[in-house]
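Note that the coordinates shown come from a computational prediction; the quantities given were computed from them, not determined experimentally.
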Amino acid sequence: MVARRKVAVVGAALSDCGRVDDATPYALHAQAARRALADAGLDRTLVDGFASAGLGTLAPVEVAAYLGLHPTWVDSTSVGGSTWEVMAAHAADAIAAGHARAVLLVYGSTARADVRAGRRTGTLSFGTRGPLQFEVPYGHTLIAKYAMAARRHMIEYGTTIEQLAEVAVQARANAALNPEAMFRTPITVDEVLSGPVIADPFTKLHCCVRSDGGAAVLLVAEEYVRDCRTSPVWVLGSGECVSHAAMSEWPDFTVSPAAVSGRLAFERAGVRPSEIDVAEIYDAFTYMTLVTLEDLGFCAKGEGGAFVEKGRLRVEGGELPVNTDGGGLSAQHPGMRGLFLLVEAVRQLRGECGQRQVRRGDGTLPRLAVASGTGGWFCSSGTVVLGAG
């Protein structure tokens with residue numbers, strides 16, 4: 001039996017992101033993959049594991065073929081935005097057990113360009129089969145489901161719309177430090193509140209942007225770290241959880257599956273939430289950030305509103321910098337954004353983020369980061385704790 005090995009992220013990269021009208025999703029996959037391999041300084045012949053979802057009839061078979069890879073370990077787990085944290089956990093387990101030596105996670109989407117070109121509409125439908133058949137007739141959209149959950153939190157705990165707006169304001173403040181973010185102009189709480197209503201209580205700026213883009217992350221066994229050009233970022237612990245298939249089956253709209261995945265990840269990593277230096281949290285909507293902060297243990301249940309309103313999420317002066325690239329609310333959101341969280345967490349731990357680089361109180365680089373993805377309508381969660389090399 002092969003002894004369990006330590007696992008590190010040694011390559012992390014984005015494709016061109018934002019407004020990309022002249023590329024296919026396959027091309028964005030390839031661009032991100034090439035950049036991640038170049039970042040690590042490793043040849044693609046080392047890659048024997050591959051994970052992808054969301055593209056092609058037989059993902060990841062089609063994408064691997066497009067990239068010229070012939071993996072002996074694959075994963076096509078598809079659980080929405082949390083897909084990539086779950087895949088990273090699976091990949092780390094496979095590498096640790098000796099089933100793979102190097103696993104490449106890749107995603108790419110032209111969600112924005114497709115709408116502009118009329119190849120798809122702006123409305124995302126998950127179909128009408130299975131449990132969804134009991135909810136579809138009522139007409140509530142994906143956005144409306146998150147809005148319902150946010151309203152429940154407001155009723156239960158007195159969370160205010162101004163506090164939710166603060167999440168968007170601070171995400172934009174972080175995006176202002178990121179030259180690659182789609183939207184960088186600072187915004188105010190009043191501007192968030194005065195925007196057009198999308199689904200009560202959400203206005204437009206409570207909702208993520210629509211962009212194009214891709215991302216890739218390369219994980220390897222510890223013996224290959226010495227061959228890399230980058231400092232390793234170690235996978236310390238991970239957790240995953242699925243909660244419900246339909247809103248009517250969700251026991252509590254104010255508790256996300258991150259309450260379970262986060263607890264597992266921190267326990268397995270042997271660290272406490274209070275030790276985390278930077279957090280990358282899925283933020284398709286402002287409420288997702290707030291409730292995930294609670295469920296990961298950064299504040300008590302019901303205290304998320306008070307936690308976020310004091311500027312704690314900012315890179316500059318924040319106690320817990322969150323979504324340091326600007327997140328899905330301002331930087332980019334091409335669909336299943338969970339892989340972008342891992343890329344940003346890795347870059348922060350390696351000290352590669354320029355003006356938006358997080359520093360600890362003593363001026364040193366961050367040592368611990370958490371990436372927590374959410375899928376569906378809070379249906380799934382994957383959380384990964386990372387440590388600097």
Side-chain angles (χ1 to χ4, degrees), residues 12-23 28 31-32 35 81 108-113 115-116 162-196 198 202-215 278-286 288-290 308-335 337-348 350-359 366 369 371:
L14 303 182
S15 72
D16 294 344
C17 293
R19 302 171 181 86
V20 187
D21 292 316
D22 57 352
L28 295 180
Q31 188 179 58
R35 290 176 179 179
S109 169
T110 51
R112 170 196 159 275
V115 171
R116 287 178 59 86
E162 289 81 7
Q163 290 170 334
L164 288 172
E166 269 290 349
V167 175
V169 170
Q170 293 175 63
R172 183 62 64 87
N174 292 344
L177 306 175
N178 178 10
E180 297 181 339
M182 281 188 74
F183 296 96
R184 303 180 63 199
T185 303
I187 56 177
T188 65
V189 168
D190 287 341
E191 287 174 317
V192 177
L193 301 185
S194 63
I198 305 301
F202 294 153
T203 57
K204 182 178 180 180
L205 291 176
H206 283 280
C207 307
C208 66
V209 303
R210 181 187 294 274
S211 78
D212 308 309
V278 59
E280 308 299 338
I281 293 174
Y282 207 94
D283 63 339
F285 307 99
T286 53
M288 297 175 75
T289 302
L290 185 148
V308 303
E309 70 180 351
K310 307 211 181 275
R312 287 188 172 95
L313 316 186
R314 294 174 182 259
V315 169
E316 295 182 331
E319 296 175 24
L320 177 68
V322 173
N323 296 338
T324 49
D325 62 347
L329 292 170
S330 287
Q332 78 289 110
H333 197 300
R337 192 178 179 271
L339 195 50
F340 292 76
L341 309 180
L342 292 168
V343 170
E344 180 66 11
V346 168
R347 287 176 167 177
Q348 284 289 343
R350 296 196 310 205
E352 300 172 346
C353 292
Q355 193 178 0
R356 71 179 188 280
Q357 180 62 53
V358 172
R359 297 277 176 178

Quiz item: Can you name the residues that form a salt bridge (charged side-chain N to carboxylate O under 4.0 Å, His left out) with Arg356, not counting sequence neighbours?
Solution: Glu344
Self-check item: Under the side chain to side chain contact (heavy atoms under 4.5 Å, CB included) test, residues paired with Leu205 that sit two or more places apart
Solution: Arg172, Ile187, Val192
Exercise. Could you tell me whether Arg359 atom CZ has more than 12 heavy atoms of other residues or ligands within 6.0 Å of it?
Key: yes
Quiz item: Less than 4.5 Å apart, any side-chain heavy atom of Gln332 and any of Leu14?
Solution: yes
Quiz prompt | By side chain to side chain donor-acceptor pair (under 3.5 Å) - contacts of Thr110 (at least two apart) | solution = Asp114
Quiz prompt | For Glu166, all residues meeting salt bridge (charged side-chain N to carboxylate O under 4.0 Å, His left out), sequence neighbours excluded | solution = none
Quiz item: Among all residues two or more places apart in sequence or in another chain, which pass the salt bridge (charged side-chain N to carboxylate O under 4.0 Å, His left out) test with Glu191?
Solution: none
Quiz item: What residues form a side chain to side chain donor-acceptor pair (under 3.5 Å) with Arg184, not counting sequence neighbours?
Solution: none
Quiz item: Among all residues two or more places apart in sequence or in another chain, which pass the ring-ring contact (aromatic ring centres under 6.0 Å, His included) test with Phe340?
Solution: none
Self-check item: Non-neighbouring partners of Glu316 that pass side chain to side chain donor-acceptor pair (under 3.5 Å), sequence neighbours left out
Solution: none
Self-check item: Glu162: side chain to side chain contact (heavy atoms under 4.5 Å, CB included) partners, not counting sequence neighbours
Solution: Thr160, Val189, Leu193
Self-check item: salt bridge (charged side-chain N to carboxylate O under 4.0 Å, His left out) involving Arg35 - partner list, sequence neighbours excluded
Solution: Asp16
Practice problem: Could I get the full list of side chain to side chain contact (heavy atoms under 4.5 Å, CB included) partners for Ala32, not counting sequence neighbours? | Solution: Ser15, Ala216
Quiz item: Which word best sums up how the rings of Tyr282 and His333 line up, parallel for under 30°, tilted for 30 to 60°, or perpendicular for over 60°?
Solution: perpendicular
Exercise. With sequence neighbours left out, write down each residue that passes side chain to side chain donor-acceptor pair (under 3.5 Å) with Arg112, or none if nothing qualifies.
Key: Asp21, Asp212
Practice problem: Answer yes or no: is there a side-chain heavy-atom contact under 4.5 Å between Leu313 and Thr289? | Solution: yes
